[in-house]
2 protein chains.
Amino acid sequence: MSMPTIIQVAAMAGVSTATVSRVMSHPDRVAEATRRRVLEVVESLGYKPNVAARTLRTLRAAKILVTVPDISNPFFASVIRGAEEAARDAGYAVVVGDTRHDPSIEDQYADMLSSREVDGLIFLGHRLPDNLRPLMAMQGARAPVVNGCEYSPDIGVPSVHIDNAAAGCDAVEHLIGLGHHDIGLVTGPHVSPISRDRLAGAMQAAERHGLRDRLQVRVGDYSAQSSADHVPDLVAQGVTGLFCFSDEMAMGAISAIRQAGLSCPDDISVIGFDDLPLARFFQPGLTTIAQPKGRIGQQAVELLVNILQGGDSPVSQITLPHELVVRSSTRLIG
Amino acid sequence: MSMPTIIQVAAMAGVSTATVSRVMSHPDRVAEATRRRVLEVVESLGYKPNVAARTLRTLRAAKILVTVPDISNPFFASVIRGAEEAARDAGYAVVVGDTRHDPSIEDQYADMLSSREVDGLIFLGHRLPDNLRPLMAMQGARAPVVNGCEYSPDIGVPSVHIDNAAAGCDAVEHLIGLGHHDIGLVTGPHVSPISRDRLAGAMQAAERHGLRDRLQVRVGDYSAQSSADHVPDLVAQGVTGLFCFSDEMAMGAISAIRQAGLSCPDDISVIGFDDLPLARFFQPGLTTIAQPKGRIGQQAVELLVNILQGGDSPVSQITLPHELVVRSSTRLIG
DNA sequence: TCGAGCGATGTAATCCTTTACATCGACTTT
DNA sequence: AAAGTCGATGTAAAGGATTACATCGCTCGA
């Protein structure tokens, strides 16, 4: 039937509800004998404290919500893992929400914060949910909201990310260093700040070598299909080095390159972004920019927990190091 | 500061809390003018009902929990997507928990059900969390718990899955049909019922062609690395056709095959399982068994919602169709 | 021997919403 | 004009747990 309540447990153990509550939350404040008796009843009844009631009373849910724009992107999985572990260490559980890039779903998950179902929110997308505006306005940097990956200075939310401009720069420098002059870029959507940053870095690198005008820029959406669609055109433009802003797009591009009767890396070098777990198993092994995915999640949680505990050091922006991983999808031209 | 409560809204709008509550939940039972006045105050204060209090009172959280054993496996992402959409249609939100195959984490998420934080649970792993035993014992098939993918008859939980034995059979038949006699299998862990079923089906197919003794069976854990590790040995055994119980393992195997100086499919044909989004972009395009991932999630939710609404038709086991997708990682021998 | 001090436990207010039931005014019906 | 309806709103009792404060025995010191 219905779950047993603390009242039933108390009655059956011959103590007050206060004592039962103490047994559950502060066992040391209860005499050994009493504790044992209560625990026996708890066991036999299968009693579980009602979290809604507890949350209502304590204003603490012991839970952190992590929202991702696309749960099928393995990149986020690793970030979530890192967050999960750090949260567990700090006494919080993590629940995940998939917003599918849909603002109304983002809002719905954000409501879990406003309504106190969770203590804090880490959002991995690029847009601060509208519903959070009032909260941010009221609490500013003390609001329990942290962004991961997609730093956007104007939203005024603490954030953990890599230096995407520098990373974009590194990728293009790598291609240029291999002798490529006709370089193609498949970016993310324009609204994505990380895509803008990577693009800016890439252009800067090209500029530096006087190759800015020969850069071929195409817009993708981080999915394999979206870059595959651009490949025929890029091939026609004579591109020999291709920088895709995600590993999935790199894989899509390589597949399309072969479809076009060409070879990666013999005809076209391709470099990706993220270093997904599968990147090293792909054929050819993917050259890519590795992000410290786990650490991004971990640090985001630490930032959040610090806010939740009223820590006064408002470290608001954390930049983590990235790394160029060279495998076999890029090689010297010619 | 702290969030506004219904009492403040009521005071400011000059009505009772009951009216405010009605405006939020049953707008039609409130006079037009009053409703507008209240909504204005709600807006200006940024009032959001406290979900803990509401849940406590109504015993309904409007939320479904989906737990996955490994969130980095893209297979589950698609299942979650399907579940999310179906849940939304039924008026429920979905939250996801990553258990990392850890029983204690499974238990912790299961507690969200016992404690009424969520109305129902869909678990995608193979093990019923211990914490749920009492609940299942009490409520039997009316417990709001559904399993996805990993049907295990002994746990007595409604479930949605494909016919894994038949699928395993199809895969091996495909290889045999291409002329392969020395067939290798990389399974999942022994504890996984789906792995056992696929293995049984595969053996049955081999048996049928008198090839049972030549079957080379190795145990993996669904990860790319785990199958890559077995490849040198399998190659030494003269295997020409390899059936991996996941696409990730197929990709790992293909990578290792190349590492060994051989080619897929020229020397060894490889068939995977799941038809991940990336399967068609892999080199070579992966031959694989496609599962209706989205529909699995969707049907699981429908089963669950039916239970939640006290539906009396205890359809407990749903078998969905699978499909062999032939791409270029398998070919005629010789 | 008596009171201070202390550990263990009980009492009861509180967290915020929902909702059955009561109330109230206005309108219809006969 | 009295009685009955009806729609809109208010009143107050849950719902289950936590915790400040009160209480009750005891022990210990003087």
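Here is the naming used below: chain letters follow the sequence lines, and residue numbers restart at 1 for every chain.
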For [X] against [Y], the heavy-atom pair lying closest together:
X	Y	answer
A:Glu84	A:Val94	CA-CG2, 3.8 Å
B:Leu65	B:Val96	CD1-C, 4.3 Å
A:Ser72	B:Ala77	CA-CB, 3.3 Å

Starting at [atom1] of [X] and ending at [atom2] of [N], how long is that distance when rounded to a whole Å?
X	N	atom1	atom2	result
A:Ile7	C:dG10	CD1	P	14 Å
B:Lys48	C:dT17	NZ	C1'	16 Å
B:Asp28	D:dT9	CG	C1'	15 Å
B:Gln8	C:dC15	CD	C1'	13 Å
A:Arg29	C:dG10	CZ	C1'	15 Å
B:Asp111	D:dA17	CG	C1'	16 Å
B:Asn50	C:dT14	CG	P	18 Å
A:Leu56	D:dA17	CG	P	12 Å

Item to complete: Starting from the C-alpha separation in whole Å, work towards a yes-or-no answer on side chain to side chain donor-acceptor pair (under 3.5 Å) for B:Gln108 and A:Arg88.
Response: CA-CA 11 Å; B:Gln108 190 186 323; A:Arg88 191 161 299 275; 2.6 Å; yes

Discussion item. Does the protein touch nucleotides 23-28 of chain D at the base, only the backbone, or not at all? Give it as B, S and - per nucleotide, heavy atoms under 4.0 Å.
Written reply: ------

Worksheet, complete the sentence: For B:Ile194, the side-chain contact (heavy atoms from CB on, under 4.5 Å) test, sequence neighbours excluded, returns B:Glu150, B:Asn164, B:Ser192, B:Arg198, B:Tyr222

Salt bridge check: are [X] and [Y] linked by an N-O gap of less than 4.0 Å?
X	Y	result
A:Glu32	A:Arg36	yes
B:Arg127	B:Glu106	yes
A:Asp70	B:Arg81	yes

Item to complete: With heavy atoms under 4.0 Å as the rule, sort B:Val15 into base, sugar-phosphate or nothing.
Response: sugar-phosphate

Discussion item. For a quick check of understanding: with a heavy-atom distance under 4.0 Å over all strands, which category does A:Thr34 fall into, base, sugar-phosphate or nothing?
Written reply: sugar-phosphate

Taking only nitrogen or oxygen atoms into account, show me every contact under 3.5 Å that the protein makes with nucleotides 24-28 of chain C, one pair per line with its distance.
none

Discussion item. List the residues meeting side chain to side chain donor-acceptor pair (under 3.5 Å) with A:Asn131, not counting sequence neighbours, and say none if there are none.
Written reply: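 Listed in chain order: A:Asp111.
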
Discussion item. Under the rule for side chain to side chain donor-acceptor pair (under 3.5 Å), what residues qualify as partners of B:Asp119, not counting sequence neighbours?
Written reply: none

Could you list all N or O pairs between the protein and nucleotides 18-21 of chain C that sit under 3.5 Å apart?
| residue | atom | partner | partner atom | Å |
| --- | --- | --- | --- | --- |
| C:dT18 | OP1 | B:Arg54 | NE | 2.6 |
| C:dT18 | OP1 | B:Arg54 | NH2 | 3.0 |
| C:dT18 | OP2 | B:Ser21 | OG | 2.8 |
| C:dT18 | O2 | B:Arg57 | NH1 | 2.6 |

Item to complete: Check whether NZ of the Lys or CZ of the Arg A:Arg60 lies under 6.0 Å from the centre of the six-membered ring of A:Tyr92 and within 45 degrees of that ring's axis.
Response: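 Positive - A:Arg60 is close enough to the ring of A:Tyr92 and near enough to its axis.
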
